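Just so we're clear, the structure is a prediction, and the values are computed from it rather than from any experiment. Chain identifiers are assigned alphabetically (A, B, ...) following the order of the sequence lines, protein sequences preceding nucleic acid strands; residue numbering begins at 1 within each chain.
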Number of protein chains: 2
Amino acid sequence: MELTTEEKIIEAARKIFTQKGFSATRTRDIAEEAGINLALLNYYFRSKQNLFQIIIEEKFDELFGIINPILSNREISLEEKIETLVTNYTNLLLENEDLPFFVLSEIKSNEFIIKRVKQNAEILSQPVIESQLKERGFTTSSFNFIMNIMSLTLFPFMSKPLFVSSGLIKEEEFARFITERKKDIPTWVMNTLK
Amino acid sequence: MELTTEEKIIEAARKIFTQKGFSATRTRDIAEEAGINLALLNYYFRSKQNLFQIIIEEKFDELFGIINPILSNREISLEEKIETLVTNYTNLLLENEDLPFFVLSEIKSNEFIIKRVKQNAEILSQPVIESQLKERGFTTSSFNFIMNIMSLTLFPFMSKPLFVSSGLIKEEEFARFITERKKDIPTWVMNTLK
DNA sequence: GTCTATACAAAGATAGAC
DNA sequence: GTCTATCTTTGTATAGAC
C-alpha cells in the first residue's frame, strides 16, 4: 500500500504532534519522519499551524466524538452507558495513549478548538442523562456523573509517565492494569450516585 | 515589599512556564513580565533551561511532596488518609489550577525530573497502604487505591478548560463544584475497595 | 549589578531550478 | 511535484559600556 506524499506528511505530523504538542514540534522533524523534503511540507500545507489544525481536529473528534451518541440515546440505560463509555475509551486509549493529554493540553491554547467546542456544544448540558438520573431517584448532577467516568478512565493514561518512571508500575503491566480497571469502573461510578 | 531582580524573574517564570509549558514559553515574555531587560535573565540564570529547572522542581515538590508523609504514616487510618489527601490537594489546586497539567506534561520530556522521580522513589511501592488494606480485608492494590484518589481529585482541574469552553460549567461555578466533590470523594474512594 | 547592542542559532517559510 | 538554496523571523546567549 503506497501513501501519497500528502498522506505521509499527515501521518508523520500525527505522530510527532501528539507526542510533543504544537510548540515542541519542529516542522523539520515532521519532514524527516515523513521521509520528504522540508519544502514539501510547506508546499502542501502552507504553514505549521495549518497542518496542526488538521491533526488536532481529528484527535479531538476521536476523543470526544464517542461521548454524545451514547449519552444522548434514551434507549440506553445508565448502566449500559457507563459500561459502553468505559469500554470504548479504554480500548481507544490503549491504542492511543497520548491522546487525552494532547487534546486537553491544546484546548488551553488553541483558539480554533475552543471555538469548535463552543459551536458543537455536543458535550453541553445533557438533558437525557439528567432525566435518567432523576427517574432513578439520584440527585447527582450529570456533570458529576460525566466527570467521574472520565476521571477514572482517562486519568491513568495521563499520569502513566509519572507512575512508570516512579517504578510504581512497569510498562508491561500497564495494559493489564487498565484492563482490570475497565471491569471495575462501572460499579465504582454507580456507587458515586446518590 | 520590594523584590530583587532575581526574584522578579523567578516570579515571572513561574507564572508563564506553568501556563504555557517549557517549549511554548519565550524568554522575552518572561523578561517583559518581570519588567526587566532580556539580558538580565541570562545574567542570573545562564539559560532558559536552568531557569525552568528551578520552577519544575519547585512545582514537582508542591504537587507530590504531600503524598508520602501521609501515606507512609501508620498512625493514620485509611479513611483519614483519603480525607487528608483529598482536602490538601483540593485546597492546593484551587490556588494552582495549572499545577497538575504542568508537572505531568513535563515529566514526559524532562530528563532531570524523570531521574528525580526515580531517585526519591517516594511514591514508590507503598507497603504501609498495602498492609492497611490487607488488615481490613481488602484485596484492592495500593496502586489502584492511589490512582483512584488522584483521578477523582486531579482530573477535574486538568479538564477544566475543556468543560468551561464547552459551557458545561461556568468559571464562577467551578470552585463550588470542586468544593462539593471534596466532601464526596472520600466516600467514593472507600466504595472502590473490595 | 544593570543595561544596550549585537552576535549566534534555530526554525518557519519561500523562490526558483529541475 | 520535488528539490536545493536562501530569506526572515524569532529565540538564546554574550560582549562591553555604564
Chain A reaches DNA chain D, atoms under 4.0 Å from its heavy atoms, from dG1(D) to dT4(D)
Pairing of Asp61(A) and Arg116(A) as salt bridge, 4.0 angstrom limit = yes
Tell me, which pairs form a ring pair (Phe, Tyr, Trp, His ring centres under 6.0 Å) where one or both residues lie in residues 62-82 of chain A, sequence neighbours left out?
-> Phe60(A)-Phe64(A)
Round to the nearest Å and state the distance from Tyr43(A) atom OH to dA15(C) atom C1'.
-> 14 Å
Atom-pair distance (CG on Asn37(A); P on dA13(C)), nearest Å = 15 Å
Spell out, as yes or no, whether a donor-acceptor pair under 3.5 Å connects the side chain of Gln132(A) to the backbone of Ile76(A).
-> yes
Hey, is the main chain of Asn73(B) close enough, under 3.5 Å, to the side chain of Lys81(B) for a donor-acceptor pair?
-> yes
What pairs meet the side-chain hydrogen bond (donor to acceptor under 3.5 Å, both in side chains) rule with one or both residues in residues 27-36 of chain A, with sequence neighbours excluded?
-> Lys15(A)-Glu33(A), Arg26(A)-Asp29(A)
Residues in ring pair (Phe, Tyr, Trp, His ring centres under 6.0 Å) contact with Phe52(A), at least two apart in sequence or another chain | Phe17(A), Phe22(A), Phe102(A)
If you take all heavy atoms of Thr25(A) and Lys48(A), which pair is closest and at what distance?
-> O-NZ, 2.8 Å
Under 4.0 angstrom, heavy atoms only, what part of the nucleic acid is Leu41(A) near: base, sugar-phosphate, or nothing?
-> nothing
Any residue of residues 17-35 of chain B with a heavy atom less than 4.0 Å from an atom of DNA chain C | none
Just call it for Tyr44(A): base, sugar-phosphate, or nothing, with non-hydrogen atoms closer than 4.0 Å on any strand.
-> sugar-phosphate
State whether the side chain of Asn110(A) and the backbone N or O of Ile113(A) hold a donor-acceptor pair below 3.5 Å, judged by distance alone.
-> yes
Indicate yes or no for a side-chain donor-acceptor contact from Arg181(B) to the backbone of Thr90(B) under 3.5 Å, with no hydrogens or angles considered.
-> no
Contacting residues from residues 106-113 of chain A, given that a heavy atom lies under 4.0 angstrom of DNA chain D | none
When the aromatic ring centroids of Phe163(B) and Phe143(A) are compared, is their separation below 6.0 Å?
-> yes
